[in-house]
Structures are given as C-alpha cells and as structure tokens.
Novice: 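The structure's right below; bear with me while I get my questions together.
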Amino acid sequence: MYQIAIIPSGIDTGRQRNYPIRCRQLGAGIIIPIRRHRIQKRLKIFRFREMIELAIKQLDFSYVPYSGFKVGAALRTKDGQYYTGCNIENASYTPTNCAERTAFFKAVSEGVREFEAICVVGGKDGILTDYASPCGVCRQVMMEFCDPETFQIILATGKEQYEVFTLKEILPLGFGPKNLR
Ligand code: THU
C-alpha cells in the first residue's frame, strides 16, 4: 500500500524535499505524498494498541490477594523500549506497589530515565469495566521523571476503548524537580 520514494524537490507540494517520504502510487508515473499527519495518526493508534496489549498481559502477574483489583502498566521510553509492571500487594498493606511504579522503578533501576508514555489498565478480578486512573503517589512519581506537558497517560478498557491524557492534565500545578532548582 505504501512505498518510499524520493520526491524531486518542488514537484509535490512546492516545498523542497530531498529525503524519502511515504507515497501512494495513483497511476503510471503519478505518485503523491501521503500527508504526514495521517501517517502519524495511524502510527499513534498502532502504538496505543500495542501498549494496551502489553498492559493487559501484565494483569496475569498482578499479586492481589487482598483487594483482588488487578492493574497492569506498559511504560514506553523515549527510545521505544517498554518496561511493564503490575501491582504487588502485601499483608502489611502499606508496602503495596502500584503497577505504574513497578514499571517506573524497573526502568529507573536499569538507568533509564527518559519516558514518553504509560498505558494503565485495571479492574476487580482483572475485568476492565472502567479506566484505572493512576493514584496520587504514582502521578507524583511520573512528575519526577517526565515532562508534564508531553508525557502521555493512556487509560484503556480494551484495545478499541481508550483515552489519552498528558501528565499536566491529570496533575495540574504539580510539584517536581524544577521547583527545587
Ligand atoms: N493500584 C495500582 O496498581 N495503581 C494505581 O494507580 C491505583 C491502585 C493498585 C494498588 C492496589 O494493589 C490495588 O490497586 C487497589 O488499590
């Protein structure tokens, strides 16, 4: 469906291009560039679905003998790697770790500190009826490592049902490392 072509400068949209872009072949000798935003939108949808799938897989590993509320997370780094996480409860309750923090701490403990987005899913017995919105502590951990303007939080109940928020939207006026500089 797509092909990569070099558009000689000036013949596509009048703008200079000398790098390969995705094009559609209309007919003999006619190639038109596919609009960039359409490709990006499609890539994003593909990426969100990939993240949702990863987060859902984590529900199998949730350790929730006390609440029965399973949460899974897939954290995407700026260079496209994933760190996943699940919630891990404890008989003493307070040591419980949320899925989001599990994912963040796995990444940070391996020296990774640049993040693009996180997908979070969850529900009682692993049944996804509502969005599992990150708790305040997890939002604060995100604030430590992420740019609130650009870091995305994808909340989903399935691969087709999700919403995307920025960290700033879910933690307005957040306190972070910048406040201490
Ligand atoms: N939980 C998470 O994993 N992430 C959140 O952001 C909210 C809460 C977990 C912690 C606990 O195991 C269960 O959900 C019920 O609070």
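This is a predicted model, so every value here is computed, not measured.
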Novice: Which atoms form the tightest heavy-atom contact between Ala73 and Ile118, and what is the distance?
Specialist: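 That closest heavy-atom pairing would be CB-CD1, 4.2 Å.
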Novice: Decide whether Ile45 and Leu54 are clustered together by the hydrophobic rule: side chain heavy atoms of Ile, Leu, Val, Met, Phe, Trp, Tyr closer than 4.5 Å, transitively.
Specialist: yes
Novice: What's the verdict on side-chain contact (heavy atoms from CB on, under 4.5 Å) for Ile88 and Phe61, showing C-alpha distance, side-chain angles and the deciding distance?
Specialist: CA-CA 9 Å; Ile88 306 165; Phe61 305 126; over 6 Å; no
Novice: Donor-acceptor pair, distance only, cut-off 3.5 Å: does the side chain of Glu89 make one with the backbone of Ser67?
Specialist: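 Looks like yes, one N/O pair under 3.5 Å.
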Novice: Does Leu180, at its CG atom, have more than 12 non-hydrogen atoms belonging to other residues, nucleotides or ligands within less than 6.0 Å?
Specialist: yes
Novice: Report the C-alpha distance between Glu116 and Lys78 in whole Å, list the side-chain angles of each, state the deciding distance to 0.1 Å, and finish with yes or no for salt bridge (Lys or Arg N to Asp or Glu O under 4.0 Å).
Specialist: CA-CA 5 Å; Glu116 187 179 291; Lys78 281 195 177 161; over 6 Å; no
Novice: What do the steps show when you test Gln81 against Arg76 for side-chain contact (heavy atoms from CB on, under 4.5 Å), and what is the final call?
Specialist: CA-CA 6 Å; Gln81 295 182 74; Arg76 185 178 165 88; over 6 Å; no
Novice: Please check this pair: side chain of Asn87 against backbone of Phe69, looking for a donor-acceptor N/O pair closer than 3.5 Å.
Specialist: yes
Novice: Hey, could you give me the SG/CZ distance between Cys98 and Phe104, rounded to the nearest 0.5 Å?
Specialist: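 So the gap between those two atoms works out to 12.0 Å.
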Novice: So, does Thr157 use its side chain to make a donor-acceptor pair with the main chain of Leu128 at under 3.5 Å?
Specialist: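 Absent.
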Novice: Is it the case that the side chains of Gln58 and Thr84 hold a donor-acceptor pair, with the cut-off being a distance below 3.5 Å and no angle test?
Specialist: yes
Novice: Tell me if the centroids of the rings in Phe151 and Phe115 come within less than 6.0 Å of each other.
Specialist: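 When the ring centroids of Phe151 and Phe115 are compared, they turn out to be at least 6.0 Å apart.
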Novice: Answer yes if Ile56 and Ile154 sit in the same cluster of Ile, Leu, Val, Met, Phe, Trp and Tyr residues linked by side chain heavy atoms under 4.5 Å apart, and no otherwise.
Specialist: yes
Novice: Between Glu160 and Arg49, does at least one N-O distance fall below 4.0 Å, as a salt bridge requires?
Specialist: yes
Novice: Do any N or O atoms from the side chain of Asp125 and from the backbone of Ile127 form a donor-acceptor pair under 3.5 angstrom?
Specialist: no
Novice: About how many Å separate SG of Cys119 and CZ of Phe48, when rounded to the nearest 0.5 Å?
Specialist: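 Reported to 0.5 Å precision, the distance equals 9.5 Å.
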Novice: Any chance you could measure Ile153, atom CD1, to Cys138, atom SG, to the nearest 0.5 Å?
Specialist: 11.0 Å
Novice: When you compare the side chain of Lys70 with that of Cys86, does any pair of heavy atoms fall below 4.5 Å?
Specialist: no
Novice: Under 3.5 Å, is there a donor-acceptor pair between the Arg101 and Thr96 side chains?
Specialist: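 There is no such pair (donor and acceptor under 3.5 Å, judged by atom type) between the side chains of Arg101 and Thr96.
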Novice: Just how far is it from atom OG of Ser133 to atom CZ of Phe165, taken to the nearest 0.5 Å?
Specialist: 7.5 Å
Novice: Compute whether any side-chain donor of one residue and acceptor of the other, for Glu149 and Thr166, lie under 3.5 angstrom apart.
Specialist: no
Novice: With hydrophobic residues grouped by side-chain heavy-atom distances under 4.5 Å, do Phe105 and Val71 end up in a single group?
Specialist: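 Same cluster: Phe105 reaches Val71 through Ile, Leu, Val, Met, Phe, Trp or Tyr contacts under 4.5 Å.
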Novice: Evaluate the side-chain proximity of Val121 to Tyr131: yes if any heavy-atom separation is below 4.5 Å, no if none is.
Specialist: no
Novice: Please find the pair of heavy atoms, one from Ala132 and one from Gly122, that lie closest to each other, and give the distance.
Specialist: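 For Ala132 versus Gly122, the nearest heavy atoms are CB-N, 3.6 Å.
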Novice: Which atom pair, heavy atoms only, marks the closest approach of Leu75 to Ala107?
Specialist: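 Where Leu75 meets Ala107 most closely, the heavy atoms are CD2-CB, 4.3 Å.
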Novice: Could you measure the distance from the CE atom of Met51 to the NZ atom of Lys159? Nearest 0.5 Å is fine.
Specialist: 14.0 Å
Novice: Give a yes or no on whether the backbone of Pro134 and the side-chain of Arg139 come within a donor-acceptor separation of less than 3.5 Å.
Specialist: yes
Novice: State whether the side chain of Glu100 and the backbone N or O of Ala74 hold a donor-acceptor pair below 3.5 Å, judged by distance alone.
Specialist: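 No, because the side chain of Glu100 does not come within donor-acceptor range (under 3.5 Å) of the backbone of Ala74.
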Novice: If I compare all heavy atoms of Glu169 with all of Val164, which pair ends up nearest, and what's the gap?
Specialist: OE1-O, 4.3 Å
Novice: If you round to the nearest 0.5 Å, how far is OH of Tyr83 from CD of Glu110?
Specialist: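 Those atoms lie 4.5 Å apart.
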Novice: Please tell me if the side chains of Thr77 and Glu114 come closer than 4.5 Å, counting only heavy atoms from C-beta onward.
Specialist: no
Novice: Do you reckon Tyr82 sits in the same ILVMFWY cluster as Phe145, going by side-chain contacts under 4.5 Å, direct or chained?
Specialist: no
Novice: So if you build clusters from Ile, Leu, Val, Met, Phe, Trp, Tyr with side-chain heavy-atom gaps below 4.5 Å, do Leu171 and Val141 land together?
Specialist: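 The answer is yes; both residues are in one hydrophobic cluster.
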Novice: Between the side chain of Ser109 and the main-chain N/O of Lys106, is any donor-acceptor distance below 3.5 Å?
Specialist: yes
